[in-house]
Amino acid sequence: MNFIKKQVNLYTLALAAAMLCSVSVTAQRKNTKDPKVEARIQKLISKMTLKEKAGMLHGNSKFFVSGVQRLGIPEWSMSDGPHGVRAEINRHDWNYAGWTNDSATYLPSGTALAATWNRNIAYKRGEVLGEEARFRKKDVLLGPGVNIIRSPLGGRNFEYFSEDPFLTARLAVPYIQGLQSRDVAASVKHYALNNQETERGSIDVNASDRALHEIYLPAFKASVEEGGALTVMAAYNKFRGVWCAENKLLVRDILKGEMGFDGVYLTDWGATHSTIESAIAGLDVEMGTDAKDYNKWYFADPLIEAVQKGKIPESLVDEKVANVLRVMIRTNVLDPKKRFSNASMNTKEHQQEAYREAVESVVLLKNQNNLLPLDVNKYKSIAVIGDNATRKHSSGGLSSEIKALYEITPLQAIKNKLGSKMQINFAQGYEKSSFFVEGANNGQGAGNLTDGNKVKQHLIDEAVLAAKKSDVAIIFCGLNHDYDTESADKINMQLPYGQAELIKEVTKANPNTIVVVIAGSPVDLVSASIAVPSILWGWYNGMEAGNAFADIITGVENPSGKMPFTLPYSLDQHGVHAYGNFPGSNGKVNYQEDILVGYRWFDTKNQPVVYPFGHGISYTSFAYSGISADKKIYSSTQKVKVRFTLQNNGQRKGAEVAQVYISKENSKVLRAKKELKGFDKVFLNPGESKQVEIELPVSDFAFYDETKSSFTVEPGQYSIQVASSAADIRGTVAIEVK
């Protein structure tokens with residue numbers, strides 16, 4: 001028995017050593033490490049005891065990791081914060097600490113950022129988050145979330161960006177660069193395939209290699225290789241039977257191997273399930289494990305014991321400590337004079353960025369008879385209707401909740417801006433009769449209803465009366481964080497609380513009705529799109545949301561947002577649900593729709609939708625002309641330069657998001673009908689035109705060849721499509737790849 005145990009230990013040691021060697025070679029190939037920094041790291045490690053090393057690899061409280069004070073290594077401080085730096089939590093429980101100086105700038109949700117399609121906005125958002133995190137003495141900010149919106153029902157869809165991997169990646173990179181420019185490490189999450197909250201702590205995901213590499217990993221890959229993300233957070237779920245925190249394929253082979261990641265791979269809070277397996281697979285830091293005694297965590301005394309008993313080499317621990325120190329050095333944590341520079345909180349500049357992002361995220365879905373923008377000199381009264389007209393959203397969503405310095409509601413902004421010019425008639429319209437209990441029903445059923453979702457007729461009657469006596473009616477409808485939240489998925493796409501009936505009755509009473517949808521994930525807009533002349537999608541849009549809505553409604557600002565996901569006619573029409581593969585069964589979920597996620601499914605299957613991916617109109621109009629490519633034939637190492645002229649044909653300044661999709665004709669493998677590969681947001685004055693050039697690396701045309709375990713650019717004919725949305729193609733160019 002001892003001989004067998006010895007052989008097992010030797011095998012484990014050899015395996016760990018081989019992995020260390022493999023990762024080191026790959027990392028050196030993909031990342032340029034500063035020899036002086038590496039020498040400094042090794043010198044510090046050489047002075048540490050094994051206990052001190054282990055102390056740097058697990059939490060010593062809810063959001064802190066131990067340092068080594070005698071060596072000048074301080075505690076490492078983390079915070080939630082994809083939409084703003086979260087209020088201070090007690091060290092050893094989840095209760096708020098009760099500080100009076102931890103109110104923050106509340107930024108729009110992740111889907112709102114994606115709806116801007118603006119890389120500059122994403123970078124500036126990162127800067128704001130970084131400056132406020134530094135002001136709050138935080139070293140790591142837990143975000144962005146870059147998981148793909150696979151189903152309309154996903155509880156955390158509002159935190160994520162898009163159903164499209166390219167759009168997600170292009171916005172994640174500048175977000176991370178902006179954040180880390182302020183010496184705050186990003187933590188890209190949740191790696192990987194965390195696309196539902198139902199049974200998130202146990203669900204076993206099965207997806208093909210193609211789906212993994214083409215849909216679910218590109219944003220992580222770009223975040224690491226282009227954005228330089230310093231930390232990556234492990235998801236709760238399993239992939240192919242193995243927890244993400246200890247998944248060798250995901251971590252050693254792909255993240256630290258193929259991507260060359262040399263930062264810190266840390267767990268989501270409580271996502272660690274082993275010591276030896278996690279250590280060998282590449283986990284660096286354990287956070288949030290439930291054991292009250294921090295010394296009993298997997299990467300505490302059990303890690304020390306594993307080294308002492310020869311089950312893993314101490315060099316494996318050294319590797320992890322080196323990763324932590326490398327991130328600390330890159331963010332000046334070990335330099336007391338620089339550590340908390342670039343710090344500011346709640347500045348006018350931050351608030352202006354929140355406003356600008358909110359404005360650019362708003363999507364004009366429909367504008368029949370040009371009801372919008374409202375001519376404030378023409379109308380004498382407005383009915384403002386809906387619970388979301390007065391509801392604040394900053395404090396919901398669990399880990400993304402914010403203690404906002406302030407939050408302007410739509411009704412407040414409309415009164416402030418228009419109250420002296422016209423009569424404002426408010427009616428609640430519907431009542432929030434839902435509640436949310438974290439972890440209830442194993443993550444199913446966000447928006448538990450207390451009244452069976454009954455229509456409150458008296459509230460509708462009051463709204464109809466307000467609409468009848470007003471020139472214009474504006475309904476602020478949608479969802480709230482009982483529905484869009486961490487830890488629970490929605491059960492359907494319906495507008496709750498009788499809102500569909502409210503919209504129908506108000507529109508009957510006043511044909512000049514505008515609907516503003518406040519939600520972070522798809523909802524059913526079939527009836528609203530038929531009945532209502534004008535619809536805006538407004539998101540959970542941060543502390544300046546009300547001002548942004550009011551300015552867009554009145555034409556002070558021109559909407560320029562585009563939808564980052566598709567709005568289908570029904571849930572069953574959606575590929576994920578057509579196969580019955582959400583949220584899975586018996587602890588497993590199969591991604592049977594494969595690479596056909598979002599618009600890829602609807603386009604390829606010729607399914608009509610209410611509003612397509614990339615859709616969004618303006619108060620002006622844009623014309624595309626002269627669409628061409630710089631050549632006809634390309635090699636796989638070249639770039640296609642797509643060129644066209646974009647002109648503002650209207651009377652208002654505006655912005656258009658020009659999108660470029662590719663299609664492969666006669667492919668030898670299943671491919672989507674079209675795939676987004678480029679975009680540019682172009683701002684134009686009335687009558688102005690601009691020559692636009694968008695570069696498409698031919699390497700981005702590749703599919704993941706499962707027989708070769710690598711990306712392959714298929715030769716042949718391709719169609720390059722310049723579009724205003726996935727359903728609005730403005731011109732096509734044919735090219736050939738040799």
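FYI, side chains are in, hydrogens and waters are out, and symmetry mates aren't considered; it's all heavy atoms of this structure. Predicted model, so just to flag it, every value in this text is computed and none were measured.
Salt-bridge check for Asp183 with Arg339: failed, with every basic side-chain N at 4.0 Å or more from each acidic carboxylate O. With salt bridges taken as basic N to acidic carboxylate O contacts below 4.0 Å, none links Glu353 and Arg356. Using a 4.0 Å cut-off between a side-chain N of Lys or Arg and a carboxylate O of Asp or Glu, Glu357 and Arg125 qualify as a salt bridge. Salt-bridge formation is detected for the pair Arg86/Glu401: a Lys NZ or Arg NE/NH1/NH2 atom is positioned less than 4.0 Å from an Asp or Glu carboxylate oxygen. Between Arg182 and Glu131 there is a salt bridge, since a side-chain N of the basic residue sits under 4.0 Å from a carboxylate O of the acidic one. Under the 4.0 Å criterion applied to side-chain N and carboxylate O atoms, Asp93 and Lys62 are not assigned as salt-bridge partners. For the pair Glu360 and Lys681, the salt-bridge criterion is met [side-chain N within less than 4.0 Å of a carboxylate O]. Between Arg156 and Glu159 there is a salt bridge, with a side-chain nitrogen of the basic residue lying less than 4.0 Å from a carboxylate oxygen of the acidic one. The pair Lys137-Glu75 does not meet the salt-bridge criterion, since no charged nitrogen lies less than 4.0 angstrom from a carboxylate oxygen. Note on Glu88 versus Arg136: salt bridge recorded, some NZ/NE/NH1/NH2 to OD/OE distance being below 4.0 Å.
More than 12 heavy atoms of other residues, nucleotides or ligands sit less than 6.0 Å from atom NZ of Lys366. Residue Asp290 places its CG atom among 12 or fewer non-hydrogen atoms of other residues, nucleotides or ligands, all under 6.0 Å distant. With a 6.0 Å radius and a threshold of 12 heavy atoms from other residues, nucleotides or ligands, Phe135 has its CZ atom at or below the threshold. The environment of Lys415 atom NZ is sparse: at most 12 non-hydrogen atoms of other residues, nucleotides or ligands sit within 6.0 angstrom.
A donor-acceptor contact shorter than 3.5 Å is absent between the side chain of Asp387 and the backbone of Gln428. Not a single donor-acceptor pair under 3.5 Å links the side chain of Asn367 to the backbone N or O of Ile617. Counting only distance, with no hydrogens or angles, the side chain of Asn194 and the backbone of Gln196 share a donor-acceptor pair below 3.5 Å. Side-chain atoms of His350 never come within 3.5 Å of backbone atoms of Met345 as a donor-acceptor pair (strictly under, hydrogens ignored). A distance-only check finds no donor-acceptor pair linking the side chain of Asn157 to the backbone of Ile149 [under 3.5 Å]. For Ser470 (side chain) and Ser381 (main-chain N/O), no donor-acceptor pair under 3.5 Å exists by modelled atom type. Checked by atom type and distance alone, the side chain of Glu486 pairs as donor or acceptor with a backbone atom of Ser399 at under 3.5 Å. With Asn195 contributing its side chain and Ile148 its backbone, the two residues share a donor-acceptor pair below 3.5 Å. A donor-acceptor pair under 3.5 Å is formed between the side chain of Ser529 and the backbone N or O of Val526. Formation of a donor-acceptor pair under 3.5 Å by the Arg134 side chain with backbone atoms of Lys138 is found in this model.
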Original post:
Are Val362 and Phe549 close enough, and set up right, to give a side-chain contact (heavy atoms from CB on, under 4.5 Å), and what steps lead you there?
Top reply: CA-CA 8 Å; Val362 174; Phe549 296 151; 3.9 Å; yes

Subject >> Criterion side chain to side chain donor-acceptor pair (under 3.5 Å) on Ser77 and Asp139, from CA distance to verdict >> reply: CA-CA 5 Å; Ser77 174; Asp139 303 310; 5.0 Å; no

**OP:** Could you go through the salt bridge (charged side-chain N to carboxylate O under 4.0 Å, His left out) check for Asp268 and Lys189 one step at a time?
**Re:** CA-CA 8 Å; Asp268 203 340; Lys189 61 184 188 180; over 6 Å; no

Subject >> Verdict with supporting geometry, Val359 and Glu557, side-chain contact (heavy atoms from CB on, under 4.5 Å) >> reply: CA-CA 7 Å; Val359 165; Glu557 301 280 0; 3.8 Å; yes

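Inter-residue side-chain proximity for Asn547 and Tyr355 is flagged as met; some heavy-atom pair is nearer than 4.5 Å. Looking only at side-chain heavy atoms (C-beta outward), Leu371 and Leu374 come within less than 4.5 Å of each other. Residues Leu129 and His83 fail the side-chain proximity criterion, which asks for heavy atoms closer than 4.5 Å. Counting heavy atoms from C-beta outward, Lys417 and Thr554 have side chains that stay 4.5 Å or more apart. Put simply, the side chain of Leu365 reaches to within 4.5 Å of the side chain of Leu525, judged on heavy atoms. Residues Asn541 and Ser109 have side chains not in contact (no heavy-atom distance under 4.5 Å, counting atoms from C-beta outward). Looking only at side-chain heavy atoms (C-beta outward), Ile535 and Ile514 stay at 4.5 Å or farther from each other. Between Ile460 and Glu501, the closest side-chain pair of non-hydrogen atoms falls below 4.5 Å.
Figure legend: cation-pi geometry between Arg391 and Phe476 absent, as NZ or CZ is not positioned both under 6.0 Å from the six-membered ring centre and within 45° of its axis. Annotation: cation-pi geometry not satisfied between Lys456 and Tyr430 (NZ/CZ under 6.0 angstrom from ring centroid, within 45° of ring axis). Annotation: cation-pi geometry not satisfied between Arg91 and Phe63 (NZ/CZ under 6.0 angstrom from ring centroid, within 45° of ring axis).
Lys403 and Asp102 get closest at one heavy-atom pair: NZ-OD1, 2.7 Å. Minimum interatomic distance between Ala186 and Pro144 (heavy atoms only, all atoms of both residues): CB-CD, 4.5 Å. Listed here is the closest heavy atom pair of Ile518 and Pro410: CD1-CG, 4.4 Å. The two residues Val657 and Thr116 make their nearest non-hydrogen contact at CG2-O, 4.4 Å. For the residue pair Leu495 and Gly478, the shortest heavy atom distance occurs at CD2-CA, 3.8 Å. Looking at every heavy atom in both residues, Gly555 comes nearest to Tyr619 through CA-CE1, 4.3 Å.
Atom CZ of Arg150 sits about 5.0 Å away from atom OH of Tyr216, to the nearest 0.5 Å. Distance check: Ser400 OG to Leu142 CG gives 12.0 Å after rounding to the nearest 0.5 Å. To the nearest 0.5 Å, atom SG of residue Cys477 and atom CD of residue Gln499 are 5.0 Å apart.
With no hydrogens or angles considered, no side-chain donor-acceptor pair links His190 and Asn237 at under 3.5 Å. Under the 3.5 Å distance criterion, with hydrogens and angles disregarded, no donor-acceptor pair is assigned to the side chains of Thr409 and Lys392. Using a 3.5 Å distance cut-off with no hydrogens or angles, the side chains of Ser434 and Tyr497 do pair a donor with an acceptor. For the residue pair Glu163 / Thr566, a side-chain donor-acceptor distance below 3.5 Å is found, with atom types taken as modelled.
Using the six-membered ring where Trp is involved, His615 and Tyr611 have ring planes that are parallel, under 30° apart on the 30 and 60° scheme. Aromatic ring orientation, Tyr191 versus Phe220: perpendicular (interplanar angle above 60°, classes split at 30° and 60°).
A ring-ring contact (aromatic ring centres under 6.0 Å, His included) with Phe613 is found for exactly one of Phe166, Trp117, Phe565, namely Trp117. Exactly one residue among Glu132, Gln351, Glu349, Glu544 makes a side-chain hydrogen bond (donor to acceptor under 3.5 Å, both in side chains) with Thr105. That residue is Glu132.
For His481 and Tyr540, the distance between ring centers is under 6.0 angstrom.
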